[in-house]
Protein chains: 2
Amino acid sequence: MATIDDVAKHAGVSKGTVSSVFSKKRPISQAVTERVLSVARELGYYPNHVARSLAIKKTMIAGLKMPISKDGVMSQFEIQMINGVIRECSRHGYRVLLDTLPEHDDPRQFSSDPVDGVIMLNPRKNDARIERYSQMGIPLVLVGRPDPMDPTISYVDNDNKLMAYQVGNYLLQLGHRSVLFLNASADMTVSADRQSGLTEAFNEQGLSIPPENLVNFLRKLHVSVSDYGYHSLMNTYGKLNYTAVITDTDRVALGVLRAARELGIDVPGDLSVIALSNDATLAQEMSPKLTSVELSAEVLGTQAASILIQKMNDASIVKQHVVDAKLVYRETCRSLP
Amino acid sequence: MATIDDVAKHAGVSKGTVSSVFSKKRPISQAVTERVLSVARELGYYPNHVARSLAIKKTMIAGLKMPISKDGVMSQFEIQMINGVIRECSRHGYRVLLDTLPEHDDPRQFSSDPVDGVIMLNPRKNDARIERYSQMGIPLVLVGRPDPMDPTISYVDNDNKLMAYQVGNYLLQLGHRSVLFLNASADMTVSADRQSGLTEAFNEQGLSIPPENLVNFLRKLHVSVSDYGYHSLMNTYGKLNYTAVITDTDRVALGVLRAARELGIDVPGDLSVIALSNDATLAQEMSPKLTSVELSAEVLGTQAASILIQKMNDASIVKQHVVDAKLVYRETCRSLP
DNA sequence: CTGAAAGCGCTTACAG
DNA sequence: CTGAAAGCGCTTACAG
């Protein structure tokens, strides 16, 4: 490909001049501008982004660091989150680099990405990468809270414990005394948060939830998340004691409802169902319409990106933001007689 | 941040040696390797990706060029496609740069991205960008066929015309003589392809489809795609003449089914429904289970990425690949008495 | 308004 | 096994 040097020579000017024509950072005479542009067109010249980035030490790219599960499928939550990130970055002229590469332990492999900042999904406990980014001087925003908490780290998150606590109270208020909780997989911090919130609500009423009613998703066990809901109900209904099911997502609830139809269980007459989920459209369209929690994943993404963009302009900025989850009452929960 | 120069000086070696320690491109003695690594750790040195890319003229990044609709929401098809691209790229050590930036007409704005190749979604008619990438010497793979056809351009696609033709024949075989077609928005080439395939099937039987039964999605008219299905049925049932509805996606079908429930229309007793869609999980979970076309969007993505990776190693490679769509018979279509 | 030259942080023949 | 130096393709003070 043609370089800035080729254009400069053919147009009889210096590289600096060509550079200025494209960047408009200093004024170039009309005549020269036109000559340069026409030569550039002839030669098929386009400025080299990488060289430019090296010179100005900016790439106008935001990194999105997310683990990809073995089955390679993104959850609806992740998708909406990403959507929010993309939208906000795009509004500000940033591109998004998706980094789903499995992490190598050899630090030699850990090269800095060509990004001006990064958004990291699902940080782990004592996540070593956080310290690494700060060493590299790369602005970082987490989606999900740092563990342990750290006032110097920017993040956005839902309050999952509070949310589960509220869902628990809602069901208790309806008269339910025993639930089946089809939680996310055990290795996610959100699972622990939810379980603790739900348990707390029950404990406050002097009740407890037996361990066999607290189920975690296992990738090896289920082909899909709706399958998880379907088989969980099939295998436990009538055996375990519960009048309501709390599911990880609306997709899981989909499977629960299918199983209920097959077993002749009336929802919400015989069984209440509620999802700790986020895809409002789907919940609306189900029959009966699904009572669920709206996590606003897209808002999380937008907020994370917005904070990152601020940090990329002023590294000293720190923001921690909790996005409210709201319980949307639809048709799948009913009070016990 | 520390640079290779800092490490070299502190370790008392040359930059070339430090470089080799990290790249392992030439053997470095055990003793020196350890010294360099320890200094690097002390200084918090990580190789600069941008500088490295400039030197080796490779970024190990694949670009994914996709327009983002005004509402900023990706369709399920796009999501699955992206999923496929990510998975395949990730397998081969590539990262993915999402470029959703609106295109500028000023060629000065059109800087080359820091990518080794690009996958472009939904190419337009006589898309100028195709020529541009070839000028820049950047390997390109389209998702969707080039228009006009060009044997030198690599792409993957479904055969949408054939698919619609087959769906038409299936319904005709069941005895349906009039359909309502809730197509995608009119500006997509896939919409035209489908309409022509469906029309052809009807014409072969000496039948035609009245224009008012051929509907296109309008973003300004509907808040969501399921809303599109819902209102289309509500507004036309009993007014227009049809015994079957063909929908763009399963989401649209969701809305159609909801409207049918509210109107007391039995599916498939009174009305058949079929979706030209791709999210098999959802179709399975609906009640009744939705008859639909499986487009294998993820396979399209995987294939596109796979071809791109080949091209990035040998630019002369050209592959054109049509991914089969398959009609999955479930419960929402029935033959007329 | 324009040019010459140093610099961004790496890699890689070429020598030894 | 290691070093010195040129080069990747830009940008940007400094001068004029």
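Throughout, a chain's letter reflects where its sequence line sits, starting with A, and its residues are numbered from 1.
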Requested in this report: Quickly work out the M1(A) CE to dG9(D) C1' distance and round it to whole Å.
Outcome: 10 Å
Report task. Between dT2(D), dC1(C), dA4(C), spot the one nearest the side chain of S29(B), thanks. Result -> dT2(D)
Report task. Enter the distance from M120(A):CE to N122(A):CG here, rounded to the nearest 0.5 Å. Result -> 9.0 Å
**Report entry** Which residue lies more 5' along DNA chain D, comparing V13(B) with A2(A) via nearest heavy atoms
**Finding:** V13(B)
Query raised in the report: D150(A) side chain to T152(A) main-chain N or O, any donor-acceptor pair under 3.5 Å?
Result: yes
Query raised in the report: Between atom CZ in R35(B) and atom P in dC1(D), what is the gap in whole Å?
Result: 15 Å
**Report entry** Side-chain (N160(B)) to main-chain (D193(B)) donor-acceptor, under 3.5 angstrom
**Finding:** no
Requested in this report: Mind calculating the distance between NZ (K57(A)) and C1' (dC10(D)) to the nearest angstrom?
Outcome: 14 Å
Query raised in the report: Closer than 4.0 Å, any side-chain N/O of S53(B) to the OP1 or OP2 of dC8(D)?
Result: no
Query raised in the report: Does the side chain of K58(B) get closer than 4.0 angstrom to OP1 or OP2 of dC8(D) through an N or O atom?
Result: no
Query raised in the report: Just by modelled atom types, is the R124(B) backbone N or O under 3.5 Å from a matching donor or acceptor in the D127(B) side chain?
Result: yes
Query - Any donor-acceptor N/O pair, S20(B) side chain to R26(B) backbone, under 3.5 Å - result: no
Report task. Using modelled atom types only, decide if a donor and an acceptor are shared between the side chain of S53(B) and the backbone of H49(B) within a distance under 3.5 Å. Result -> yes
Query raised in the report: Within the structure shown, what part of the strands sits under 4.0 Å from V32(A) by heavy-atom distance: base, sugar-phosphate, or nothing?
Result: sugar-phosphate
**Report entry** Nearest atoms (heavy-atom pairs only) where L54(B) meets A51(A)
**Finding:** CD1-CB, 3.8 Å
Requested in this report: Go along nucleotides 11-16 of chain D 5' to 3' and tag each nucleotide: B for a protein heavy atom under 4.0 Å from its base, S when only backbone or sugar atoms are that close, - otherwise.
Outcome: BBBB--
Report summary line: Among the nucleotides dG3(C), dA4(D), dG9(C), whichever has the atom closest to the side chain of L54(A) is dG9(C)
Requested in this report: In plain terms, say whether D116(A) and K58(A) are close enough for a salt bridge, that is, a side-chain N and a carboxylate O under 4.0 Å apart.
Outcome: no
Report summary line: Pairing string of DNA chain D (Watson-Crick or G-U wobble, both atom distances under 3.5 Å; | = paired to other strand) is |||.||||||||.|||
Report summary line: One should read off an interatomic distance between T17(A) OG1 and I4(A) CD1, to the nearest 0.5 angstrom, of 9.0 Å
Report task. Grab the NZ-P distance between K9(B) and dA4(D) for me, whole Å please. Result -> 12 Å
Query raised in the report: Hey, does V50(B) reach any base, or is it just sugar-phosphate, or nothing, if we go heavy atoms under 4.0 Å?
Result: nothing
Query raised in the report: Reckon T3(B) has a side-chain N or O less than 4.0 Å from the OP1 or OP2 of dG9(C)?
Result: no
